[in-house]
Amino acid sequence: MKFSVMVNEGPYTHQAADTAYHFIDAALRAGHEVFRVFFYHDGVNNGTRMTTPPQDDRNIVNRWSALAVEYDLDLVLCVAAAQRRGILDADEAKRNGKDGDNIAPGFRISGLGQLIEAGIQSDRVVVFGG
Amino acid sequence: MLHTVNKSPHDSSSLRTCLSLAKPGSDLLLIEDGVYGALSGSIHSDTIAERLNSVTIYALGPDLKARGISEDRLISGIKVTGYDGFVELASGNDKVQSWL
Amino acid sequence: MSETKKFMYVNRHAPYGTVYALEGLEVVLIGAAFEQDVSMAFIGDGVFQLKQGQDTADSDMKNFSPAYRALGDYEVNCLYVERESLEERGLNEDDLMPLTWEDEDDDWAEKKSIHIVSRAQLSDLLEEQDVILNF
């Protein structure tokens, strides 16, 4: 079965990013396909490589990046939500005249259409939020 | 349809709204702070227990465990499942409604 | 993409206090380009999104309520508002923005976009959907 997942909250403040991760991990291990993970609202904060949690805690951002490599996952940060919250890739940084980018490996920035397309293409959409 | 609720019933109307809109035969999975809704002996327990004959209610085991809630404290009839079970519920139902 | 799915955007948050309503509306406006069968539901505090007379002049926030009036032009013309949620909050239909759309199949007649529905009707509508996105 083809799933897509929407993550609407950032890491650490809300458990949503953890639950979404464990759900996706379980779905992939069960042999399901995950078409796309779309990060919206504060969820885009899951995709900054500047995150530096204490050593004894989980690294939510690195965990996403590792899952993306292992399963060739499509992790998409909404561009409008990302711009509001200061999450940039190299292209966005250049376009907006910022002095650096901060997107984490395995993530990409794209438009809201990616969410609608995920809804059209997938058998199930599961939303995780605050 | 699978419904998920991730808020404590003591802090949010999500569980109440969900139960008022869920059709008989639906599945409901309590996750995150939503698992507090599974506790017996609370002011909400009777309302939740009343729906157990028409809605199958699950609570996510890892979230119960993290919060120190053992299964013997749950409302009788609520089932405990894990992330694998969550995936099965999401694929076994035709859609998922998250009461965020 | 030839496949058409029934999308429902479920709104349960009031505007301004959090960003969910504003960013949720942005999804609806972008999603309109995909020509799916789209509706919106307003439940709980979500009904406050449609309150008439929003004015953010003194709070320096973006007043996005005019964008709801544009929904009809995007062919988003089914906004279901739960009657019980309105009543619980001391509101009625007259408190909501008068949103309309023009029906090209009916000589561009102006029709209401807001439909006040009971909890039971809303429960049926939820059941009919293919994709539910929550804001």
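Here is the naming used below: chain letters follow the sequence lines, and residue numbers restart at 1 for every chain.
More than 12 heavy atoms of other residues, nucleotides or ligands lie within 6.0 Å of CD in C/E88, so this atom counts as buried by the packing criterion. In this structure, A/Y12 places its OH atom where more than 12 heavy-atom neighbours from other residues, nucleotides or ligands lie under 6.0 Å away. No more than 12 heavy atoms of other residues, nucleotides or ligands sit less than 6.0 Å from atom CD of C/E35. Applying the 6.0 Å contact sphere to NZ of C/K111 captures more than 12 heavy atoms from other residues, nucleotides or ligands. Other residues, nucleotides and ligands contribute only 12 or fewer heavy atoms inside 6.0 Å of the CG atom of A/D72.
For the residue pair A/S122 and C/K5, the shortest heavy atom distance occurs at O-NZ, 2.7 Å. Of all heavy-atom pairs spanning C/F135 and A/M6, the tightest one is CE2-CE, 3.5 Å.
Once rounded to the nearest 0.5 Å, the distance linking CD1 of A/I116 with CD of C/Q36 reads 8.5 Å. Between A/F128 atom CZ and C/N134 atom CG the span is 11.5 Å, to the nearest 0.5 Å.
Residues C/V19 and A/R85 are in side-chain contact: their nearest non-hydrogen atoms beyond the backbone lie under 4.5 Å apart.
Using a 4.5 Å cut-off between non-hydrogen atoms, no part of residues 50-72 of chain C approaches chain A.
Of the atoms belonging to A/Q114, not a single heavy atom falls under 4.5 Å from chain C. Both the backbone and the side chain of C/Y20 come within less than 4.5 Å of a heavy atom in chain A. There is no contact between A/R124 and chain C, counting heavy-atom distances below 4.5 Å. For C/I132, the part lying under 4.5 angstrom from a heavy atom of chain A is the backbone only.
Among A/L112, A/L115, A/V125, the residue with the largest count of heavy-atom pairs under 4.5 Å with chain C is A/L112. Of all the listed residues (C/D130, C/L22, C/V27), the one sharing the greatest number of non-hydrogen pairs under 4.5 Å with chain A is C/V27.
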